[in-house]
Amino acid sequence: MAQPLKILYVTSELAPLVSTGGLAEVAAALPRALRARGHDVRVALPCYRQIPAAVLGEQYCMVVAELGGKAVHGAMRASVMPGTDIPLYLIEHEGYFGRQAPYGVGAYEFDDNGERFCFFCQALFHGIRQTGWMPDVIHCNDWHGAPIAIYLKTRYRRDPFWGRVPCLFTIHNLAHQGRYAVSRFGATGFDPALLAPGCLLFDGDMNFMRGAILFADTLSTVSPRYAKEIQTAEYGCGLDEILGARSADLYGVLNGVDYDVWNPATDPNIACPYSAESPLGKAECKAALQRRFDLPVRDVPLFGAVSRLYWQKGFDFVLDAMDRMMAHDAQLVVLGSGDPWLEGQLSGCVHRYPGRVGVFLGYDAALSHQVVAGSDFFLMPSRYEPCGLAQMYSLAYGNLPIVRRTGGLADTVVDATPANLRRGTATGLSFVPKTAAALARAVDRAVALYADPEAMGQLRHAGMTRDFSWGRSCEAYEALYRKTARSVL
Ligand code: ADP
Ligand code: GLC
């Protein structure tokens, strides 16, 4: 085997400790998979108040960052990722991270988020240097990790320790860019020359994501399709041109599934185990889900969804398609939370379609497994989807995803067209237009499919036997880390 790599993985969330979306699950799974392949991977995370005492480890050293001409002091704790021997470094600062949530509360985002994550990144440089462990590559994620790429090529460009350490920047969601008023630039500790058009200044604001896209040695995103999409005006969120300019360094690596957690044969959260070879237990899971949501236990198509409820995810299409969906003898269960308006409208459907629609507002990991196991079809009508994890979980559980054909959804779900059905490659249903009517047509197709048990069985089996394990993605990341490391030689 080639020489193991020393990788510093920098993340703003980590399941099951602090989780707001898929990044937390990726940050938990990818380092584990890399470790299993022999790499010396270490993870860094802000020391949020939500982190349980048992995971805090020991205070390793004091750290300091220079923000707005002031020295801001904190500490670095050394712990391990739960259930592993992977070192976990936690950057501690009561004022920045001792808050009730990682980024904000409800729709309100803390207005000093830029400064908080600049502190995190600078303090991390100081703390890791004190360990003496010099990574071969730093892998930073989303705008919260963007200051890593920016500082490396400016503040630390001539630093004897950090000066030759390269970095890979991964975009999990281009819509969240870390945009702040120019008046906050002083508190970032960035070189003042960076506040210029063509650099961090964009559309009248400073923009962290833009900085990382310009400065990181290599760039990636979480599916090949999204890597292409973000270079277009439709999906580029204003950054398509600079992404296009760096297209030679931009890669799409599909996320994986942690099959230790998402396996219907061993899942402790579901009513009855089942597998591709003996799928009968799925019916028991469906009945349990119907009971859990107070729906009659009947043999009708059961549509499920587990999602953050935001514009990205297209649940307004679900609402607008609801009458047409419910014109069929079908049921729907939704587990989600987010936008209060969407939450209210979805709850309203429970009363509008009694005994047909069930909604649980909140975040519930065990229930998400039950929805994935118990439903027949899984709705993900996203306007855009960098990768998406839930559709891959659904495939593993014989639950046919109904997705908009975009990003990672396009890369993982094969539409049940007549040709794909004949070839035996179909695993779900997909549609292109961003409209409720297109979703409704896909639902009509799903209901017709449900009436054909043989075809249903074939699709389920095809989905359940697809392999999205992290191993393959890990190989792609290894190649990317080595390429990134070579870029600074
Ligand atoms: P995103 O990161 O954009 O939210 P992903 O599909 O990558 O989308 O990841 C979301 C993860 O969060 C999935 O594993 C999904 O099952 C889970 N999830 C979302 N909402 C809930 C919820 N209300 N309860 C439990 N799990 C949820
Ligand atoms: C983001 C994206 C989602 C992706 C996840 C993990 O939250 O919205 O599509 O799966 O990051 O990469």
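Atoms within a ligand are numbered from 1 in the order they appear, just like the ligands themselves.
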Would you indicate whether the side-chain heavy atoms of W143 and S12 approach each other to under 4.5 Å?
no
Are the side chains of Y103 and H144 in touch, meaning some heavy atoms are under 4.5 Å apart?
yes
Between E13, H172, H176, R308, flag the one that comes closest to atom 2 (C) of ligand 2 by a heavy atom.
H172
Do T417 and D415 get their side chains close enough for a donor-acceptor pair, meaning under 3.5 Å?
no
Show the numbers, then the answer: is there a side chain to side chain contact (heavy atoms under 4.5 Å, CB included) between L243 and I171?
CA-CA 11 Å; L243 284 162; I171 298 166; 4.0 Å; yes
Which atoms of ligand 1 sit under 4.0 Å from any heavy atom of G22?
1 (P), 2 (O), 7 (O), 9 (O), 10 (C)
Proximal atoms of ligand 1 relative to E25 (non-hydrogen, under 4.0 Å)
11 (C), 12 (O), 13 (C), 14 (O)
Looking at atom 23 (N) of ligand 1, what's its closest protein heavy atom, distance included?
G362 O, 2.7 Å
Heavy atoms only, cut-off 4.0 Å: how does H172 contact ligand 1, side chain, backbone, both, or neither?
neither
Below 4.5 Å, heavy atoms only, C-beta onward: do I230 and Y384 meet side chain to side chain?
no
Can you list the atoms of ligand 2 that are under 4.0 Å from a heavy atom of L23?
6 (C)
Just jot down the ligand 1 atoms closer than 4.0 angstrom to any heavy atom of S307, in number order.
19 (C), 20 (N)
State plainly whether the residues K228 and D411 are in salt-bridge range, i.e. N to O under 4.0 Å.
no
The atoms of ligand 2 lying under 4.0 Å from a heavy atom of V222, numbered in the order shown, are 12 (O)
Is the shortest side-chain heavy-atom distance between I402 and L379 below 4.5 Å?
yes
From the options H176, R383, E385, select the one residue that forms a side chain to side chain donor-acceptor pair (under 3.5 Å) with Q312.
E385
Taking only residues two or more places apart in sequence, or in another chain, which ones meet F215 in a ring pair (Phe, Tyr, Trp, His ring centres under 6.0 Å)?
none
Do the side chains of E343 and S337 get nearer than 4.5 Å, heavy atoms only?
yes
Checking contacts here: is it the side chain or the backbone of S19 that comes within 4.0 Å of ligand 1, counting heavy atoms only? Could be both or neither.
neither
Looking only at protein heavy atoms, what sits closest to atom 16 (O) of ligand 1 is V306 CG1, 3.6 Å
Top protein contact for atom 4 (C) of ligand 2, by heavy-atom distance:
G388 N, 3.7 Å
Ligand 1 atoms nearer than 4.0 angstrom to some heavy atom of A390 are 6 (O)
For atom 24 (N) of ligand 1, grab the closest protein heavy atom and report residue, atom and distance to one decimal in Å.
D364 N, 3.1 Å
One finds that the ligand 2 atoms under 4.0 Å from a non-hydrogen atom of V26 are 6 (C), 12 (O)
Just need the protein heavy atom nearest to atom 8 (O) of ligand 1, so name the residue and atom and give the distance.
K313 NZ, 3.1 Å
Let me confirm one number: the CZ-CG distance from R460 to N399, rounded to the nearest 0.5 Å.
7.5 Å
Considering only the protein, which heavy-atom contact is closest to atom 6 (O) of ligand 1, and what is its distance?
L389 N, 2.9 Å
Ligand 2 and N255, any nitrogen or oxygen pair closer than 3.5 angstrom?
yes
Could you tell me whether R210 and D205 make a salt bridge, using a distance below 4.0 angstrom between a side-chain N and a carboxylate O?
no
Shortest protein contact, atom 22 (C) of ligand 1 (heavy atom only)
Y363 CD1, 3.5 Å
What residue and atom, counting heavy atoms only, is the protein's closest point to atom 9 (O) of ligand 2, and at what distance?
E385 OE2, 2.5 Å
I want to know if ligand 2 touches C387 in the polar sense, i.e. an N/O pair below 3.5 angstrom.
yes
Should F360 be listed as contacting ligand 1, given a heavy-atom distance under 4.0 Å as the test?
no
Take the angle between the ring planes of W262 and Y393 and call it parallel below 30°, perpendicular above 60°, tilted in between.
parallel
Counting from 1, what ligand 1 atoms have a heavy atom of R308 closer than 4.0 Å?
1 (P), 3 (O), 4 (O), 19 (C), 20 (N)
Could you tell me whether the side chain of C349 reaches within less than 4.5 Å of the side chain of M326, counting heavy atoms only?
no
Heavy atom of C387 under 4.0 Å from ligand 1?
no
Apply ring pair (Phe, Tyr, Trp, His ring centres under 6.0 Å) to Y89 and list each qualifying residue two or more places apart in sequence or on a separate chain.
none
If you scan protein heavy atoms around atom 8 (O) of ligand 2, the nearest is Q312 NE2, 3.1 Å
If you scan protein heavy atoms around atom 7 (O) of ligand 2, the nearest is G22 N, 4.2 Å
Would you mind listing which atoms of ligand 1 come within a distance below 4.0 Å of any non-hydrogen atom of G21?
2 (O)
